[in-house]
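Just below is one structure, and these are the notes that go with it.
Whatever order the structure lists them in is the order used to number ligands and atoms, beginning at 1. Just so it is clear, the model here is predicted, and its values are computed rather than measured.
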Amino acid sequence: MAGRLQGKVAVITGGSGGIGLATGRLFAAEGATVVLVDLDEATLRAAVADGGSAGMHHQVADVSDEAQMRGVLQATVAQHGRLDVLFCNAGTEGRIAPLADMPVEDFDRVMAVNVRGVFLGLKHALPVMQRQGGGSIIITSSVAGFKGAAHLAPYAASKHAVVGLMRSAVLEAGNTGVRINTIHPSPIETRMMRAIEQGRAPGAEAAAKQMITSRIPAGRYGTADEVAATALFLASDDSRYCTGGRYSVDGGMTAA
Ligand SMILES: NC(=O)c1ccc[n+]([C@@H]2O[C@H](COP(=O)([O-])OP(=O)(O)OC[C@H]3O[C@@H](n4cnc5c(N)ncnc54)[C@H](O)[C@@H]3O)[C@@H](O)[C@H]2O)c1
């Protein structure tokens with residue numbers, strides 16, 4: 001049986017991270033040609049080798065740099081002939097500190113990666129997909145795109161901001177066949193939550209995790225595979241009438 005992404009070409013930023021790599025593996029298993037994009041060549045190589053799939057490729061790029069982001073998308077079209085899916089998923093939690101102690105440089109860096117990176121993805125993917133007559137752009141926001149996050153103000157601001165980018169892009173894309181949606185995960189078992197637990201309670205990470213988990217009705221963190229499954233839905237033609245949506249993958253966390 002043909003995979004749900006057979007013949008499609010997908011670029012995934014943050015591709016060697018927890019959610020990005022899980023999604024890359026799932027997309028490749030569903031027949032896509034996948035280009036993982038991340039900062040470090042060696043980590044990317046290991047991720048692709050570990051994926052064990054013929055359909056996985058990689059490119060090193062910093063999503064906050066316009067020339068690099070444009071270059072990734074141009075190279076993908078040159079090498080693979082098209083661009084059907086862009087998963088704007090690279091992200092950083094930034095420094096964990098009260099607003100009053102947050103250096104402005106940390107605010108700027110979080111915005112550069114989490115917001116400018118998504119802006120650049122939209123800016124350079126939309127024209128390619130519009131010329132092709134369709135495509136799907138998926139942006140990883142967060143529960144922190146709906147609610148505040150104490151000691152993570154720049155992160156929460158960045159995850160709200162990408163909803164504005166998504167909605168504006170939907171209005172510009174109109175009926176061209178290009179769809180744009182955001183995914184809003186709760187805490188997920190990846191490096192990022194280990195860093196947040198450590199930042200919230202140095203030396204008492206298990207207690208921090210327990211406290212965070214107590215706010216999730218499902219009673220646990222999600223997994224990268226559970227986020228990847230929603231990304232697959234949004235990347236595939238199963239979601240052909242879905243655009244402008246905000247998809248929670250959060251064990252009920254935002255129900256409260
Ligand atoms: N883990 C969670 O609990 C959680 C919850 C909600 C949303 N998210 C979001 O999910 C996305 C993926 O995070 P993850 O949980 O897989 O964490 P992760 O740290 O494992 O992965 C993030 C990846 O992004 C890459 N990255 C960072 N800056 C980059 C840049 N400038 N250019 C290119 N790549 C860059 C990192 O190298 C890393 O591989 C992020 O946008 C994050 O904010 C995560």
Inset, instruction - Classify the ring geometry between H80 and H57 as parallel (under 30°), tilted (30 to 60°) or perpendicular (over 60°). - result: tilted
Inset, instruction - Provide the full list of side-chain hydrogen bond (donor to acceptor under 3.5 Å, both in side chains) pairs with a residue in residues 153-170, sequence neighbours left out, each pair given once. - result: N114-S158
Legend entry - Heavy-atom closest contact (I180 atom, T243 atom, distance): N-OG1, 3.0 Å
Legend entry - Validation row: I212, K209 side chains within 4.5 angstrom (heavy atoms): no
Inset, instruction - Run through the side-chain heavy atoms of Ile, Leu, Val, Met, Phe, Trp and Tyr, join any pair under 4.5 Å, and report what else lands in L39's cluster. - result: none
Legend entry - Shell of residues surrounding ligand 1, defined by a 4.0 angstrom heavy-atom cut-off that is strict: G14, S16, G17, G18, I19, D38, L39, A61, D62, V63, N89, A90, G91, R109, V113, T140, S141, S142, Y155, K159, P185, S186, P187, I188, T190, R191, M192, M193
Inset, instruction - Applying side chain to side chain donor-acceptor pair (under 3.5 Å), name anything that partners Q74, two or more places apart in sequence or on another chain. - result: none
